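See structure below.
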Amino acid sequence: MILVTGATGNIGRALLGELHEAGAAPVRGLTRDAGRASFAGRIEAVEGFEAVEGFEAVEGDLARADSLKAALEGARSLFLPSGWGAEAEVLAAARQAGVEHVVLVSSITVHTHPHLPAAGENLAVERLLQDSGMAWTILRPTQFASNTLWWARSIRDEGVVRAPYADVGLPTIHPADIAAVARAALTEPGHQGQTYALTGPERITVRQQVAAIAAASGREVACIEISREEAHRQMASFMDDETADAVLDLMGGDVNEELLKVRDTVPRVTGAAARPFRQWASEHGAAFRWATSVAERTIT
């Protein structure tokens, strides 16, 4: 049994599809509301996750390890995104339930920017897993292509993206490529005890991302470069100062060669080329045209 936590998120949804295509079953998908979970977009030819033989949705909350007992029962492999705050308790519960192998999604900043608080937190979770007695595989992805959904409202309302460091290129990764590596780690030999840094196939700037979204959404979108200070003021409405500074550093204020490096991990592990940003944009162009309520449901 494979338990996929974060099953309705950007990586989890794609991973369910990967596991279905690989014929991996039984699989459970963890969601905070199993009654509303629908994974038809990732598992084709069915109306929902529950309709797929060998797959089931189960309710639980990663922030509350005590809610995972039913989900963990019988599970031998676990897919776990970091960042929920209860990882120590979740890993302890997983080991007690008999889980043998955990695939953890951490962050490339553990390597590139270890001084950042979030990187330190991710490193602490990695070490908890490595010391847990369970087999492990650690994924360290760079910036997600799906982060550009932050721009959806300004694109829909104004046809504009205002961002700092507009001409800094980063090797943004499609979440489906993280899922593809996770599927390999969960179903194939040779990945236990490995730490994989994951990037997309090329560097892409904010300006180029905006152009790709404009082409995919069928509308004109302007890219206006703003100062770090102005960007920080905008971020202050939904994150604290320390987090905003860290995000801005990673967007271009404190880049280094390791953050800029394009890596071949995705094709080496999966046997398939990493997806370029324009593919993600073409798959999600509608999110920049839909009503706010629909687009916001995309960001999970």
Side-chain angles (χ1 to χ4, degrees), residues 5-6 8-12 32 61-65 67 80-91 104-129 138-158 160-166 168 170-173 175 178 197-199 205-206 209-210 223-256 258-260 287 292-293 295-300:
T5 65
T8 56
N10 290 310
I11 305 172
R32 281 177 285 187
D61 187 344
L62 281 176
R64 293 178 47 246
S67 72
L80 179 66
S82 185
W84 291 89
E87 287 87 358
E89 293 82 2
V90 171
L91 290 172
L104 175 73
V105 180
S106 180
S107 169
I108 203 167
T109 60
V110 170
H111 173 64
T112 66
H113 290 73
H115 60 282
L116 294 179
E121 292 167 6
N122 278 307
L123 178 60
V125 176
E126 290 185 9
R127 288 175 173 168
L128 281 171
L129 174 56
I138 295 170
L139 311 184
R140 291 178 174 172
T142 190
Q143 181 187 61
F144 291 12
S146 52
N147 289 354
T148 57
L149 287 167
W150 289 354
W151 303 335
R153 178 170 293 181
S154 67
I155 290 175
R156 290 192 308 269
D157 294 349
E158 304 176 66
V160 66
V161 170
R162 297 178 180 86
Y165 311 116
V168 173
L170 297 171
T172 299
I173 190 167
I178 305 171
L198 306 178
T199 74
T205 67
V206 166
Q209 288 176 318
V210 171
C223 179
I224 299 174
E225 184 165 15
I226 61 176
S227 68
R228 181 187 177 106
E229 292 71 26
E230 185 175 352
H232 193 285
R233 285 194 296 272
Q234 292 179 1
M235 292 176 174
S237 64
F238 57 92
M239 64 178 68
D240 60 55
D241 284 350
E242 185 177 63
T243 302
D245 280 332
V247 170
L248 288 165
D249 283 349
L250 296 173
M251 289 177 67
D254 184 27
V255 296
N256 55 44
E258 287 302 304
L259 186 66
L260 296 171
T292 298
S293 61
E296 287 178 346
R297 286 201 296 270
T298 307
I299 308 174
T300 54

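As the structure is a prediction and not an experimental result, all values here were calculated from the model.
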Task: Nearest non-hydrogen partners of Pro114 and Ala119, listed with the distance - done: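 Smallest interatomic distance, heavy atoms only, reads CA-CB, 4.1 Å.
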Open item on the list: Can you give me the closest heavy-atom contact between Val90 and Ala65, atom names plus distance?
Closed with: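 Heavy-atom minimum between the residues: N-CB, 3.8 Å.
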Results of side-chain contact (heavy atoms from CB on, under 4.5 Å) for [X] - residues two or more places apart only:
X	answer
Ser154	Trp151, Glu158
Ala231	Pro164, Ile226, Leu248
Leu123	Val110, Glu126, Arg127

Which value, rounded to the nearest 0.5 Å, describes the distance between [X] atom [atom1] and [Y] atom [atom2]?
X	Y	atom1	atom2	answer
Arg32	Asp61	CZ	CG	5.5 Å
Gln143	Thr109	CD	OG1	12.0 Å
Ile108	Thr142	CD1	OG1	5.0 Å
Glu87	Ser106	CD	OG	9.5 Å
Gln234	Trp150	CD	CH2	12.0 Å
Ser146	Ile178	OG	CD1	7.5 Å

Task: Worked verdict on Ile224 versus Val161 for side-chain contact (heavy atoms from CB on, under 4.5 Å) - done: CA-CA 6 Å; Ile224 299 174; Val161 170; over 6 Å; no
Under the 3.5 angstrom rule, does the side chain of [X] hit a backbone N or O of [Y] as a donor-acceptor pair?
X	Y	value
His113	Asp254	yes
Asn256	Thr112	yes
Arg156	Ala287	yes

Side chains of [X] and [Y] in contact at under 4.5 Å (non-hydrogen atoms):
X	Y	answer
Leu104	Leu139	no
Leu259	Leu250	yes
Val168	Thr205	no
Arg228	Asp249	yes
Leu80	Leu91	yes
Arg140	Asn122	no
Ile11	Phe144	yes
Glu230	Arg233	yes

Open item on the list: Do Thr148 and Gln209 pair up side chain to side chain, a donor and an acceptor below 3.5 Å, judged on atom types alone?
Closed with: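 Absent: no donor and acceptor within the cut-off.
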Task: Sole candidate of Pro175, Pro141, Ser82 that passes side-chain contact (heavy atoms from CB on, under 4.5 Å) when paired with Val105 - done: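 The side-chain contact (heavy atoms from CB on, under 4.5 Å) with Val105 is passed solely by Pro141 among Pro175, Pro141, Ser82.
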- [ ] For a side-chain contact (heavy atoms from CB on, under 4.5 Å) with Met235, tell me which candidate from Asp240, Thr243, Val247, Asp245 qualifies.
- [x]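 Passing option: Val247.
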Task: side-chain contact (heavy atoms from CB on, under 4.5 Å) between Cys223 and Val206, worked out - done: CA-CA 8 Å; Cys223 179; Val206 166; 4.1 Å; yes
Task: Over 12 foreign heavy atoms within 6.0 Å of CD, Glu258 - done: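 Counting other residues, nucleotides and ligands, CD of Glu258 exceeds 12 neighbours.
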